[in-house]
Amino acid sequence: MNRPFAAGDKVLLLDSKQRRYLITLAEGAEFHSHAGFIPHADIIDRPEGLVAVSTKGAKYTCLRPTLEDFVLEMPRGAQVIYPKDLAPICMLADIGPGVRVLESGVGSGALSMTMLRWGADIVGYEIREDFLGRALANVKSFLGDGVLDRYDLHLRDCYEGIDERDLDRVVLDLPEPWRVVPHAQEALRPGGILVAYTPSIMQASQTREAMASKAWNGTRTLEVLHRGWYVEGQAVRPDHRMVAHTGFLTVGRFLG
Ligand code: SAH
């Protein structure tokens with residue numbers, strides 16, 4: 001990780017107003033903006049943190065994008081789950097190296113990338129072929145080909161069933177997760193965990209009803225509120241604006 005920028009690396013360029021531009025370095029290429037351009041050659045072989053200056057004198061700080069940066073900037077088909085929920089989902093689902101996860105839908109791959117980063121072994125079911133392609137492209141682009149033996153994608157409708165058995169986790173981001181609960185009961189091993197992300201509380205409630213049996217333990221629903229703070233000299237206070245809602249997280253432990 002700690003090496004100078006090279007062709008093929010992703011770079012996040014931050015201008016003086018903290019506007020963000022994500023590029024991939026290539027020999028002979030240029031980054032163009034309203035303030036002229038920067039040849040990629042000015043960034044290649046230089047260390048992270050350098051300040052590149054455009055032909056019209058604008059300064060851009062150059063950093064490798066974090067997973068959070070990439071999720072916010074990457075190309076998307078379906079709406080992605082935001083970083084504030086991605087990390088809690090991994091904690092609730094107890095994701096770790098070698099954990100076998102069924103993920104559905106796969107969408108743009110933001111949750112996939114996060115769970116792959118945490119070490120999971122993912123089987124993904126997605127009904128839209130274009131989204132499968134998008135997710136695979138995003139995963140490869142950020143994590144490289146090295147993770148692909150842990151990322152097994154299928155063009156499938158998860159409401160029709162889950163083929164896998166003895167799964168450790170089922171992680172859902174699709175409109176009717178309650179329809180997957182009976183299939184999860186076939187596919188999860190005892191002690192396995194189901195997590196469902198749903199924008200609406202009605203979806204969470206219906207999922208809870210489907211999980212309201214002795215087969216499930218410790219079922220709960222929660223939301224994650226993330227309030228930023230403004231910190232400037234003596235003015236230290238919560239930001240005036242916040243994202244008030246993204247989705248609800250419902251989790252339960254399968255007993256078998
Ligand atoms: N969590 C993803 C976004 C998923 S959006 C991310 O972070 O990028 C919801 C996805 O569920 C969409 O791609 C949609 O096509 C898919 N989907 C909807 N119903 C489905 C079903 N029955 N089986 C599989 N995928 C489904």
Side-chain angles (χ1 to χ4, degrees), residues 22 65-93 95 99 101-143 147-148 150-164 167 169-188 193-204 206-207 210 222-224 226 243 245-251:
L22 184 64
T66 62
L67 177 57
E68 182 181 17
D69 294 325
F70 190 70
V71 164
L72 297 177
E73 303 297 327
M74 74 186 189
R76 51 184 74 165
Q79 172 70 293
V80 301
I81 297 181
Y82 281 97
K84 88 166 174 65
D85 296 304
L86 290 170
I89 288 171
C90 286
M91 185 60 83
L92 292 173
I95 300 301
V99 171
V101 184
L102 183 285
E103 182 194 357
S104 187
V106 169
S108 308
L111 179 57
S112 298
M113 269 178 236
T114 311
M115 295 195 292
L116 287 167
R117 255 276 184 95
W118 289 48
D121 209 313
I122 300 179
V123 175
Y125 285 8
E126 166 59 55
I127 39 167
R128 283 192 47 176
E129 195 162 14
D130 52 337
F131 288 172
L132 275 185
R134 180 76 276 150
L136 187 63
N138 280 338
V139 162
K140 277 208 273 196
S141 160
F142 190 71
L143 298 175
V147 300
L148 296 184
R150 294 190 281 121
Y151 195 44
D152 182 15
L153 293 179
H154 300 263
L155 184 60
R156 286 211 33 169
D157 182 341
C158 201
Y159 300 152
E160 292 187 346
I162 298 174
D163 287 346
E164 285 66 28
L167 288 167
R169 312 292 181 241
V170 171
V171 180
L172 302 173
D173 175 13
L174 38 62
E176 301 181 0
W178 57 91
R179 293 177 62 184
V180 182
V181 171
H183 307 315
Q185 294 180 180
E186 299 291 317
L188 279 172
I193 297 173
L194 181 146
V195 175
Y197 171 92
T198 56
S200 150
I201 196 63
M202 302 307 287
Q203 295 166 300
Q206 219 163 327
T207 306
L222 58 100
E223 58 183 317
V224 177
H226 172 133
V243 174
H245 177 65
T246 54
F248 300 98
L249 305 179
T250 295
V251 58

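First listed ligand is number 1; within each ligand, the first listed atom is number 1.
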Note: ligand 1 atoms sitting under 4.0 Å from heavy atoms of Pro175 are 18 (C), 19 (N)

Hey, is Arg156 touching ligand 1 through its side chain, its backbone, both or neither, going by heavy atoms under 4.0 Å? backbone

Nearest non-hydrogen protein atom to atom 25 (N) of ligand 1, with distance, is Ile127 N, 3.4 Å

Might you confirm whether atom NZ of Lys84 has over 12 heavy atoms from other residues, nucleotides or ligands at distances under 6.0 Å? yes

Atom indices of ligand 1, in the order listed, that fall short of 4.0 Å to a heavy atom of Asp157: 21 (C), 22 (N), 23 (N)

Numbered atoms and elements of ligand 1 in range of Ala78, under 4.0 angstrom, heavy atoms: 5 (S), 13 (O)

Counting neighbours of NE2 on His245 that are heavy atoms of other residues, nucleotides or ligands and sit closer than 6.0 Å, is the number greater than 12? yes

So for Val180, does at least one of its heavy atoms come nearer than 4.0 angstrom to any atom of ligand 1? no

With heavy atoms only and a cut-off of under 4.0 Å, state how Arg76 meets ligand 1: side chain, backbone, both or neither. neither

Pairing donors with acceptors under 3.5 angstrom, does anything connect the side chains of Glu160 and Tyr125? no

Closest to atom 4 (C) of ligand 1 among protein heavy atoms sits Asp173 OD2, 3.1 Å

Quick check on contacts: which atoms of ligand 1 are under 4.0 angstrom from a heavy atom of Ser104? 23 (N), 24 (C), 25 (N)

